[in-house]
Amino acid sequence: MKLLDSVHRWTGGLIGLLLALLGLTGTILLHKDAWITLPHGNDPQMQETSLLAETTQRLMTDAANRPQSITFATADFGLDRLSFADGAGAYVTQTGDPVTDWSSQWQRPELWIFDFHHHLFAGDQGEFVIGIAALCGLFFVVSGIILWWRTRKTFQFRLVPARLTRPAIVRHHRDLGVIVAPLLAVSLLTGAVLVFRPMAAVLFGPGAPEEISRALAAPSARPVAVAKDLDWAAMIVRARQRFPNAEVRSLSLPRNDNGLITLRMRGQQEWLPNGRTTVWFAADTGEVIATRDAADLSRTVAAYNALYPLHAAKVGGLAFRVVMTLSGLALTLLGSLAVWSFWFARPKRKTKPQHTAASRS
C-alpha cells in the first residue's frame, strides 16, 4: 500500500498539471457553440438539398481559392466553416457569404484550444502524449479509490480544501476524487480508446480493433488530382438521393493523394456529430465511387462510434453536458492541487540540532 501511495503521488506530481489543463480546455470546448459570438451564429440550421448544393458549388468552384474542407452548420451553430492550408480558414453563412476569416489558428481561440486539447500543438506526437496522460488518469482513479478506502471513515464532502495546507489538500483530494471517479473514468477511458484504438479490445473484445479499422477504412481509388470544373452541386444531390434522411455534415478534398472526395453525413440514428454515413466521389470526374451506410455497421463499430459523443457530451442534451462539465472542472481542480501539494506544500524536514564539543563539555 505504501508503494502504491508513493507511485500515485509521484505520478500525480509529474503529470497532474497536464491533466488539469486537459480538463480545463475540455470543459471550455464543451460549451464552444455558446461562447463563439459571430453574426449569424444563431441562425437556424438549413439542410435543404438545393441550398446545400448551391452553396457548395459557390464555395468550391474557384480552384485557386478552394477550401480543403467545408464543415456545414449544425443545430447549435449556424455558420459553415471553411478550412484552408496552413491553419487558415473562414466562417461563412449557410448561403456562402463571408463572415470572418483567419490566416492562422492562433486568431481563433476555439481552434487553438481544440488543437491543444487533442494534439498539444504537436500533431500525432502530442496526441500520443495525451493518450498516455489519459491512461495515467485511469490509474489515478483506480489507485485513488484503493487508497481512499483506508480513510473512508473520515470522509467529508468539500468543493475546495478547508486550507491550502498539504494535509487538507490531500484529504480533499481523496474525498472529492472518490465522488467524481465514475465521471473521470468515462472521460479518461473514452479519451484513451480514441487515441489508442487497440484499447477498444478492452471494451469490445479482442477482435474489435481490426473490425473497427476495416469498417471505417476508405475505399481504394486512383491517386488523381481534383478536376477544376467538377459539378459540386451534383455531388450533394447524388448523396441526398442515396441517403435522403441524412444530415449533410462535411465535404473534404482528397488526403494523402487518395483521389477521393469525401462527403460525410449523419444518419438519424447516429450519435457521432459528423456521422459515419459517407459517400466517396472520384476527384477527377465527381462520380460516386463508394458509399457507407452507418445503419449497416456492426454493433461493435456503432459502440466505438459512440465514444466521442460521450467524451464530448454530444448526446444527452444540457443535462449530460453539465455532468461532463463537472468532470472536467473536477479534473482541473484535482490535478492542479495535486501539483501544488506535491511541489510547493511539502512539509519541511526537521533538522537535528548539531552539538559541538564545547556544548557537550
Side-chain angles (χ1 to χ4, degrees), residues 46-74 80-90 92 94-96 123-124 197 210-270 272-298 301-302 304-305 308:
M46 295 183 288
Q47 279 283 310
E48 292 83 359
T49 302
S50 58
L51 175 65
L52 291 168
E54 182 181 347
T55 300
T56 303
Q57 186 69 37
R58 176 182 178 184
L59 295 172
M60 302 297 287
T61 296
D62 185 2
N65 195 36
R66 180 181 292 162
Q68 293 181 335
S69 68
I70 304 173
T71 302
F72 295 96
T74 67
D80 295 348
R81 194 183 88 189
L82 313 181
S83 298
F84 298 91
D86 301 322
V92 299
Q94 295 175 70
T95 57
D124 292 340
R197 184 174 290 179
E210 182 180 354
E211 180 182 352
I212 293 167
S213 297
R214 184 171 59 251
L216 301 185
S220 59
R222 294 182 298 111
V224 295
V226 180
K228 295 182 178 180
D229 56 350
L230 287 175
D231 191 345
W232 300 93
M235 294 184 195
I236 302 295
V237 172
R238 288 179 191 139
R240 263 290 167 76
Q241 290 172 344
R242 175 63 180 84
F243 301 108
N245 297 319
E247 175 186 348
V248 177
R249 291 302 312 126
S250 68
L251 180 72
S252 304
L253 295 184
R255 296 180 180 179
N256 302 322
D257 298 324
N258 67 355
L260 292 172
I261 296 170
T262 304
L263 182 68
R264 288 184 64 171
M265 308 176 76
R266 181 173 178 264
Q268 293 180 336
Q269 79 286 355
E270 293 187 73
L272 198 66
N274 286 336
R276 291 292 188 188
T277 300
T278 311
V279 182
W280 289 278
F281 302 91
D284 55 344
T285 65
E287 296 299 319
V288 175
I289 296 295
T291 64
R292 177 176 62 209
D293 189 347
D296 296 334
L297 296 175
S298 68
V301 180
Y304 176 80
N305 288 338
Y308 177 77

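Remember, it's a predicted structure, so these values are computed and weren't measured experimentally. Side chains included, hydrogens not; waters and symmetry mates left out as well; all remaining heavy atoms used. Along the sequence shown, residues carry numbers from 1.
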Handout entry: Minimal non-hydrogen separation, Gly267 against Thr277, with atom names
Key = N-OG1, 4.0 Å
Exercise for the section: Mark yes when over 12 heavy atoms from residues, nucleotides or ligands other than Gln269 sit less than 6.0 Å from its CD; otherwise mark no. Expected result: yes
Fill in the blank from the handout: Closest non-hydrogen atoms of Ala239 and Val279, given as atom of the first, atom of the second and distance, are CB-CG2, 4.0 Å
Practice task
For side chain to side chain contact (heavy atoms under 4.5 Å, CB included), just list the numbers for Arg66 and Leu253, CA-CA rounded to whole Å, side-chain angles, deciding distance to a tenth of an Å, and then say yes or no.
Solution key: CA-CA 9 Å; Arg66 180 181 292 162; Leu253 295 184; 4.0 Å; yes
Practice task
State whether the side chain of Arg58 and the backbone N or O of Ala53 hold a donor-acceptor pair below 3.5 Å, judged by distance alone.
Solution key: no
Problem - Asp293 (side chain) donor-acceptor with Ala295 (main chain) under 3.5 angstrom - result: yes
Exercise for the section: Verify the neighbour count for atom CD of Glu211: are there more than 12 heavy atoms of other residues, nucleotides or ligands below 6.0 Å? Expected result: yes
Practice task
Check the pair Phe72 / Thr56 against side chain to side chain contact (heavy atoms under 4.5 Å, CB included), numbers first and verdict last.
Solution key: CA-CA 10 Å; Phe72 295 96; Thr56 303; 3.5 Å; yes
Exercise for the section: Consider only side-chain N and O atoms of Thr278 and Arg292, and report whether a donor and an acceptor are under 3.5 Å apart. Expected result: yes
Exercise for the section: Taking Arg249 for its side chain and Leu263 for its backbone only, find out whether a donor-acceptor pair lies under 3.5 Å. Expected result: no
Handout entry: Any donor-acceptor pair under 3.5 Å from Gln47 side chain to Glu247 backbone
Key = no
Exercise for the section: Provide the closest heavy-atom pair for Ala215 versus Leu297 in the form atom of the first, atom of the second, distance. Expected result: CB-CD2, 4.1 Å
Exercise for the section: Please check if atom CG in Asp62 has more than 12 non-hydrogen atoms from other residues, nucleotides or ligands closer than 6.0 Å. Expected result: yes
Problem - Smallest separation among heavy atoms of Ile70 and Asp80, with atom names - result: CG2-CB, 4.5 Å
Exercise for the section: Compare every heavy atom of Ile289 with every heavy atom of Ala282, then report the nearest pair and how far apart it is. Expected result: N-CG1, 3.5 Å
Handout entry: Chi angles and distances behind the side chain to side chain contact (heavy atoms under 4.5 Å, CB included) call for Leu216, Arg197
Key = CA-CA 12 Å; Leu216 301 185; Arg197 184 174 290 179; 4.2 Å; yes
Exercise for the section: Please confirm whether the backbone N or O of Gln68 pairs with a side-chain atom of Ser83, one donor and one acceptor, at under 3.5 Å? Expected result: no
Exercise for the section: Give a yes or no answer on whether the side chain of Arg238 reaches the backbone of Gly286 with a donor-acceptor pair at less than 3.5 Å. Expected result: yes
Practice task
Kindly give the heavy-atom pair with the smallest separation between Leu82 and Pro67, and that separation in Å.
Solution key: CB-CB, 4.0 Å
Practice task
Quick one: pull up OG1 in Thr95 and CG in Leu59 and give me the separation to the nearest 0.5 Å.
Solution key: 9.0 Å
Exercise for the section: Assess the side chains of Arg264 and Asn274: does a donor N or O sit below 3.5 Å from an acceptor N or O? Expected result: no
